Amino acid sequence: MKFYSTNSRQHLVTFGEAAVQGLAPDSGLYMPEVIPSFPPHFFETLHQKSFQEIAFDVARVFTEKDIPSDHLKKIIGSTITFDAPLVKIEDSTYALELFHGPTLAFKDFGARFMSQALGYFAANEKKEVVILAATSGDTGSAVANGFLGVPNTKVVVLYPSGKVSEIQEKQFTTLGKNITALEVNGTFDDCQRLVKQAFSDRELNEELFLTSANSINMARLIPQTFYYFYAWSRLPQKQNVVFSVPSGNFGNLTAGLIAQKMGLPIAHFIAATNRNDIVPHFLQTSLFQPKPSVSTISNAMDVGNPSNFYRMLDLFGNDFNKIKQAISGYSFSDEETQAAMQSVFAKQNYVLDPHGAVGYLGLKKYQAHHPEATGVFLETAHPAKFKEVVEQILSRKIPIPEKLKSFLVGSKKSIPLQADFTSLKKILKNLSSGSPV
Ligand SMILES: *Cc1c(COP(=O)(O)O)cnc(C)c1O
């Protein structure tokens with residue numbers, strides 16, 4: 001399969017090129033040239049397949065010419081090493097728990113697949129591949145852990161100082177080896193802007209082989225389609241299935257839309273956000289108006305300029321009416337999020353994390369008018385990742401899973417960075433000269 005840039009349909013590349021480049025040279029986002037549908041019998045027997053088998057069938061569609069079948073199996077085998085269980089919370093309401101991976105957030109799926117795929121393609125490159133990742137918390141940990149020790153790669157994580165939880169920070173500042181953490185005096189949007197600037201800086205790109213690990217990378221998006229298929233196959237009731245996706249950069253929701261295009265019978269999507277409501281606002285007004293992000297308790301979704309927006313538009317042929325019919329957008333305040341966490345815990349004894357809680361709220365709001373809908377909301381992170389916040393809201397202790405504990409013992413190592421490109425460029429150039437940063 002070939003991939004085109006959202007800025008030019010004529011610019012076609014292979015999956016390998018799309019994965020290694022991240023962003024297209026014209027700053028567009030790569031999209032699959034065609035998104036083929038599976039035949040109906042594929043869905044009839046889906047429930048008999050394992051998560052890994054489903055993931056393989058889906059990934060094969062996108063990578064057939066680029067990754068040999070045997071190797072793809074290996075990649076899937078080292079990506080999908082944990083389950084994504086559906087947990088019934090209320091009637092017609094399921095949590096899809098995507099947090100059973102090593103860093104306890106759904107980003108493990110994307111980052112692990114991507115690191116293996118890039119590792120495969122980077123092995124043939126003369127220059128070391130430098131992976132830049134701006135993070136609002138969870139991308140950094142998932143990407144750093146996914147790439148830790150992958151030969152011929154170096155990871156540079158940019159994160160907003162003081163705006164990620166302590167556990168999140170520890171997960172990418174304590175690893176060492178081929179991982180460097182840059183602590184930016186600014187917001188997540190600043191980090192994202194700096195990364196974009198790095199990609200468009202000609203001098204830097206001549207010296208370094210830069211790529212992105214943000215959800216603009218196709219290799220991160222593809223594995224996020226797997227669990228939509230898997231979740232749907234495990235639902236006892238398969239009509240009128242809607243997915244509510246707590247969103248920031250809208251990679252997860254875009255992956256769901258791609259799964260739907262591949263024939264997966266998803267009736268509707270809910271774009272659930274915190275107060276950073278750019279997409280819900282767009283769905284209401286048809287105006288896309290990025291603005292500076294505001295801090296919320298669901299900090300991994302504090303995004304003021306969602307990077308996958310143009311992919312979503314592209315999937316609907318830039319037709320506002322079509323996109324409006326397919327997706328409902330709702331935004332929620334921190335107070336509403338807290339109240340949802342409290343009521344679900346009181347009634348169902350289930351601990352939502354603040355991000356999943358936004359997804360839950362979106363689903364409930366939609367179901368109020370569509371009682372026939374069977375709803376799945378994505379639980380994108382383990383509540384212990386946001387221990388302080390969750391404990392305060394629920395007035396109870398949240399045990400830390402063993403997996404997380406191992407990160408807490410390491411000591412933090414980061415390089416402070418002013419939110420300006422000159423400083424970043426200097427650091428990156430030191431990287432290329434081989435000196436430690
Ligand atoms: C990244 C993240 C999100 C937002 O996902 P997008 O694909 O950027 O929309 C939601 N919840 C958690 C816990 C995250 O880490």
Side-chain angles (χ1 to χ4, degrees), residues 29 84 95-111 114 133-146 157 159-160 163-165 167-169 171-172 188-189 191-192 212-218 220-225 227-228 243-259 269-274 276-280 293 296-309 311-312 327 329 331-332 337 341 352-362 377-387 389-390 404:
L29 302 168
L96 176 61
E97 293 187 347
L98 299 175
F99 55 70
H100 295 278
T103 72
L104 305 192
F106 82 90
K107 292 195 173 75
D108 281 328
F109 286 100
M114 181 187 167
T135 185
S136 55
D138 291 330
T139 294
S141 46
V143 169
N145 285 277
V157 176
Y159 73 102
K163 294 194 170 64
V164 304
S165 79
I167 292 177
Q168 285 178 323
E169 187 177 37
Q171 287 184 313
F172 52 78
F188 169 67
D189 293 331
C191 299
Q192 194 149 263
S212 158
N214 282 91
S215 53
I216 54 174
N217 195 308
M218 226 25 237
R220 243 188 80 180
L221 219 49
I222 288 168
Q224 291 178 197
T225 59
Y227 43 74
Y228 287 93
F243 277 88
S244 177
V245 188
S247 295
N249 260 327
F250 283 82
N252 228 352
L253 185 61
T254 301
L257 293 170
I258 291 174
F269 283 96
I270 297 137
T273 71
N274 58 30
N276 296 285
D277 65 347
I278 311 301
V279 169
S293 59
T296 73
I297 56 168
S298 46
N299 68 297
M301 313 197 308
D302 295 348
V303 180
N305 188 1
S307 56
N308 281 288
F309 178 73
R311 274 206 176 107
M312 292 165 69
I327 310 172
S331 109
F332 300 95
T337 308
M341 291 167 69
L352 290 167
D353 98 287
H355 307 78
V358 170
Y360 170 86
L361 280 167
F377 66 96
L378 307 194
E379 230 319 349
T380 46
H382 191 289
K385 275 200 108 163
F386 309 95
K387 188 173 159 60
V389 173
V390 177
L404 270 189

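Indexing begins at 1, ligand by ligand and atom by atom, following the structure's order. Just so it is clear, the model here is predicted, and its values are computed rather than measured.
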- prompt: Do Asn308 side-chain atoms and Asn249 backbone N/O form a donor-acceptor pair below 3.5 Å?
  reply: yes

Examine the side chains of [X] and [Y] and answer whether a donor and an acceptor come within less than 3.5 Å of each other.
X	Y	value
Ser136	Asn299	no
Asp108	Thr103	yes
Asn217	Arg220	no

Less than 4.0 Å from some atom of ligand 1, heavy atoms are found in residues Phe106, Lys107, Asp138, Pro246, Ser247, Gly248, Asn249, Phe250, Gly251, Asn252, Ala300, Met301, His355, Thr380, Ala381

ask   = What residues form a salt bridge (Lys or Arg N to Asp or Glu O under 4.0 Å) with Lys163, not counting sequence neighbours?
value =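 Partners of Lys163 by the salt bridge (Lys or Arg N to Asp or Glu O under 4.0 Å) criterion come out as none, since no residue qualifies.
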
Fill in: Ion pair check, Asp138 and Lys385, cut-off under 4.0 Å
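Yes.
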
